[in-house]
Asks: 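This structure is in structure tokens; I'll ask about it shortly.
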Amino acid sequence: MKSISTDELNQKVDAGDELHIIDVREKDEVAAGMIPGARHIPLGELPERTGELDSSKEYYVVCQAGGRSAKAAEYLESNGFHSVNVDGGMSSWRGVTVYG
């Protein structure tokens, strides 16, 4: 499984790269802030929501610390998607966050 640090991902966000980020945290965690442009799909909903994803795109998967996102990235990979785990998760994120 591929992985990326939060600092590396933040550089891509700051550069304006076209990114596809999935935040697999729970609703109450996401309320505390998420990466701009990220799509919220809680880990438990991922199997039923993969139809919303495009297998030709690469997805950066983030959670709070990196454990759930690793499981999600592994699940996506096993189902034909390209995924990258965000090491350290939101607890390591030093970039801009949005609140929803």
Side-chain angles (χ1 to χ4, degrees):
M1 166 188 354
K2 289 199 245 178
S3 64
I4 190 170
S5 72
T6 54
D7 288 340
E8 291 170 313
L9 181 60
N10 191 33
Q11 289 172 359
K12 290 178 175 292
V13 169
D14 286 347
D17 292 354
E18 181 181 341
L19 302 171
H20 306 283
I21 303 169
I22 300 173
D23 191 323
V24 297
R25 296 176 299 155
E26 295 301 317
K27 188 175 185 176
D28 61 324
E29 294 173 293
V30 167
M34 58 192 291
I35 299 169
R39 171 188 269 179
H40 180 223
I41 302 178
L43 180 60
E45 295 178 16
L46 192 57
E48 64 203 40
R49 293 184 61 187
T50 54
E52 299 173 22
L53 306 177
D54 181 343
S55 62
S56 70
K57 296 189 164 111
E58 183 169 62
Y59 292 95
Y60 294 87
V61 188
V62 65
C63 67
Q64 189 61 36
R68 286 176 286 178
S69 58
K71 288 179 185 176
E74 188 175 284
Y75 175 81
L76 289 171
E77 286 285 329
S78 70
N79 284 278
F81 294 92
H82 306 283
S83 62
V84 180
N85 184 45
V86 180
D87 289 333
M90 292 303 290
S91 61
S92 298
W93 181 255
R94 291 184 286 230
V96 172
T97 54
V98 294
Y99 302 90

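These numbers come from the heavy atoms of this one structure, side chains and all, not from hydrogens, waters or symmetry mates. Computed from a predicted structure; not experimentally measured.
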Asks: For Ser56, what residues pass the side-chain hydrogen bond (donor to acceptor under 3.5 Å, both in side chains) criterion, not counting sequence neighbours?
Replies: Asp54
Asks: So, using salt bridge (charged side-chain N to carboxylate O under 4.0 Å, His left out) as the criterion, who are the partners of Arg39 when residues are at least two apart?
Replies: none
Asks: How would you list, by chain and number, every residue that makes a salt bridge (charged side-chain N to carboxylate O under 4.0 Å, His left out) with Glu52, sequence neighbours excluded?
Replies: Arg49
Asks: Might you point out which heavy atoms bring Gly33 and Met90 nearest each other, and give the distance in Å?
Replies: O-CE, 3.8 Å
Asks: So which pairs with a foot in residues 68-89 pass ring pair (Phe, Tyr, Trp, His ring centres under 6.0 Å), sequence neighbours left out?
Replies: none
Asks: Please enumerate all residues that pass side-chain contact (heavy atoms from CB on, under 4.5 Å) together with Ser91, with sequence neighbours excluded.
Replies: Gln64, Ala65
Asks: Work out which heavy atom in Leu43 is nearest to a heavy atom in Pro47; give both atom names and the distance.
Replies: O-CD, 3.8 Å
Asks: Mind checking what makes side-chain hydrogen bond (donor to acceptor under 3.5 Å, both in side chains) contact with Asn79, not counting sequence neighbours?
Replies: none
Asks: For Glu8, which residues count as a side-chain hydrogen bond (donor to acceptor under 3.5 Å, both in side chains) partner, sequence neighbours excluded?
Replies: Ser5
Asks: Considering only heavy atoms from C-beta outward, does the side chain of Val62 approach that of Arg25 to under 4.5 Å?
Replies: no
Asks: Considering only residues two or more places apart or on different chains, which pairs with a residue in residues 18-61 satisfy ring pair (Phe, Tyr, Trp, His ring centres under 6.0 Å)?
Replies: His20-Tyr59
Asks: Is there side-chain contact between Leu53 and Leu76, with heavy atoms separated by less than 4.5 Å?
Replies: yes
Asks: Can you pull the salt bridge (Lys or Arg N to Asp or Glu O under 4.0 Å) pairs that have at least one residue in residues 66-93, sequence neighbours excluded?
Replies: Glu29-Arg68
Asks: Using only atom types and a distance under 3.5 Å, with no angle test, would you say the side chain of Thr6 pairs donor to acceptor with the backbone of Ser92?
Replies: yes
Asks: With sequence neighbours excluded, tell me which residues meet salt bridge (charged side-chain N to carboxylate O under 4.0 Å, His left out) with Lys12.
Replies: none
Asks: Under 4.5 Å between any side-chain heavy atoms of Val86 and Ile21, yes or no?
Replies: no
Asks: How close do Ser55 and Gly80 get, counting heavy atoms only, and between which atoms?
Replies: CB-O, 3.8 Å
Asks: Starting at CG of Leu9, measure out to CD1 of Ile4 and round the result to the nearest 0.5 Å.
Replies: 5.0 Å
Asks: Tell me, please, which residues at least two apart from Thr97 pass side-chain hydrogen bond (donor to acceptor under 3.5 Å, both in side chains).
Replies: Tyr99
Asks: Indicate the atoms forming the closest heavy-atom contact of Ala72 with Leu46, along with that distance.
Replies: CB-CD2, 3.7 Å
Asks: Which pair of heavy atoms, one from Ser83 and one from Ala73, lies closest together, and at what distance?
Replies: OG-O, 2.9 Å
Asks: If the condition is salt bridge (charged side-chain N to carboxylate O under 4.0 Å, His left out), which residues does Asp14 pass it with, not counting sequence neighbours?
Replies: none
Asks: Going by heavy atoms in the side chains, are Val13 and Leu19 under 4.5 Å from each other?
Replies: yes
